[in-house]
2 protein chains.
Amino acid sequence: MPLQNHAYKYKKVISIGTVSELTGLSHRQIRYYESRKLIFPERSKTGIRKYSFHDVEILIEIANHLEEGVWTNEIREELKKRQNNHQIKIEQPYNTC
Amino acid sequence: MPLQNHAYKYKKVISIGTVSELTGLSHRQIRYYESRKLIFPERSKTGIRKYSFHDVEILIEIANHLEEGVWTNEIREELKKRQNNHQIKIEQPYNTC
DNA sequence: CGTGTAAGGAATTCTGACACG
DNA sequence: CGTGTAAGGAATTCTGACACG
């Protein structure tokens with residue numbers, strides 16, 4: 001069956017204009033955070049960026065941190081750490097919900 | 001807070017090209033099913049259709065039914081009935097998960 | 001009835017650059 | 001460093017219609 005399990009949150013299907021509306025960020029800002037390695041959208045065959053709901057949430061956090069004067073470098077490190085924690089969690093077979 | 005609860009499934013954010021890829025249906029088919037009142041995308045201010053993951057799933061079911069020779073009228077009635085059942089469920093405060 | 005297509009226009013997105021600071 | 005903008009081009013989407021059946 002070509003259906004996703006339940007990963008609506010991680011499927012990259014939203015284009016930048018909609019992400020801009022959901023986050024309140026400009027296209028410029030969203031693309032810049034990508035160049036700073038904070039988010040990793042996928043691309044359609046023709047090069048259009050596609051984001052997930054998870055990306056949208058990360059973007060909102062990024063915006064909050066930047067308002068507080070945190071640099072993109074620091075934000076990147078924080079996101080990396082969290083990523084690793086998630087990896088560890090996934091490796092443990094319990095707590096599916 | 002301008003965030004959604006957890007309704008990634010129902011938020012209308014996917015444009016028709018992506019829906020076409022996810023479902024394997026043509027733009028024409030997807031728009032036609034809308035004209036037949038089977039799906040109800042939202043529109044951006046400029047008129048671009050936006051679909052949810054839930055819409056994508058409904059579209060896949062529609063495609064399956066059509067392959068079996070079911071008419072859009074019948075499909076519409078079936079979807080309506082299911083809608084009503086969901087309404088009833090929502091009115092009962094238990095079983096959040 | 002359900003779907004394909006060519007047609008013309010409008011809206012979206014992309015990249016690289018200049019600018020400010 | 002983080003963000004705005006004008007620039008030109010490419011890709012996307014929209015509508016109404018003709019076509020087949």
Strictly by Watson-Crick or wobble contacts shorter than 3.5 Å, is anything paired with C/dG4, and which nucleotide is it? D/dC18

Establish, with yes or no, whether the OP1 or OP2 oxygen of C/dC14 is under 4.0 angstrom from a side-chain nitrogen or oxygen of A/R31. yes

Grab the OH-C1' distance between B/Y33 and C/dG4 for me, whole Å please. 12 Å

Side-chain N or O of A/S15 less than 4.0 angstrom from OP1 or OP2 on C/dT12? no

Taking donor-acceptor contacts at under 3.5 Å, does the side chain of B/R28 reach the base of C/dT5? yes

From CD1 of A/I16 over to C1' of C/dA11, roughly how many Å is that when rounded to an integer? 15 Å

Would you please confirm or rule out a distance under 4.0 Å between OP1 or OP2 of D/dG2 and any side-chain N or O of A/Y32? yes

Could you tell me the separation between the CD1 atom of A/I48 and the C1' atom of D/dT13, rounded to a whole number of Å? 12 Å

I want to check something: taking the side chain as every heavy atom from C-beta on, are B/I39 and B/I30 in contact at a cut-off of under 4.5 Å? yes

Residue-phosphate contact under 4.0 Å: A/S26 side-chain N/O, D/dG4 OP1/OP2: yes

Can you measure A/K50 atom NZ to D/dA11 atom P for me and round it to whole angstrom units? 14 Å

Given that A/R43 and B/L66 both sit by DNA chain C, which one's nearest nucleotide is further toward the 5' end? B/L66

Residue pair B/E57 / A/Y8: nearest heavy atoms and the distance that separates them: OE2-OH, 2.5 Å

Pairing check on D/dA10: which nucleotide meets the Watson-Crick or G-U wobble criteria with it, both distances under 3.5 Å? C/dT12

Has the side chain of A/S20 got a donor or acceptor atom that lies under 3.5 Å from a matching backbone atom of A/L25? yes

Donor-acceptor pair, A/R76 side chain versus A/R36 backbone, under 3.5 Å? yes

Under 4.0 Å between any heavy atoms, over every strand shown, what does A/R36 touch: base, sugar-phosphate, or nothing? Just pick one. sugar-phosphate

Round to a whole Å and report the spacing from CG of B/L38 to P of C/dT3. 10 Å

Measure the distance from CD1 on B/I62 to C1' on C/dT3 and round it to the nearest whole Å. 15 Å

Is the phosphate of D/dA10, meaning OP1 or OP2, less than 4.0 Å from a side-chain N or O of A/T46? no

Does the side chain of B/D55 come within less than 4.5 Å of B/K12's, by heavy atoms? yes

Take the protein atom CG of A/L25 and the nucleotide atom C1' of D/dG4, then report the distance between them rounded to whole Å. 14 Å

Separation of D/dT15 P from B/H27 NE2 (nearest whole Å): 13 Å

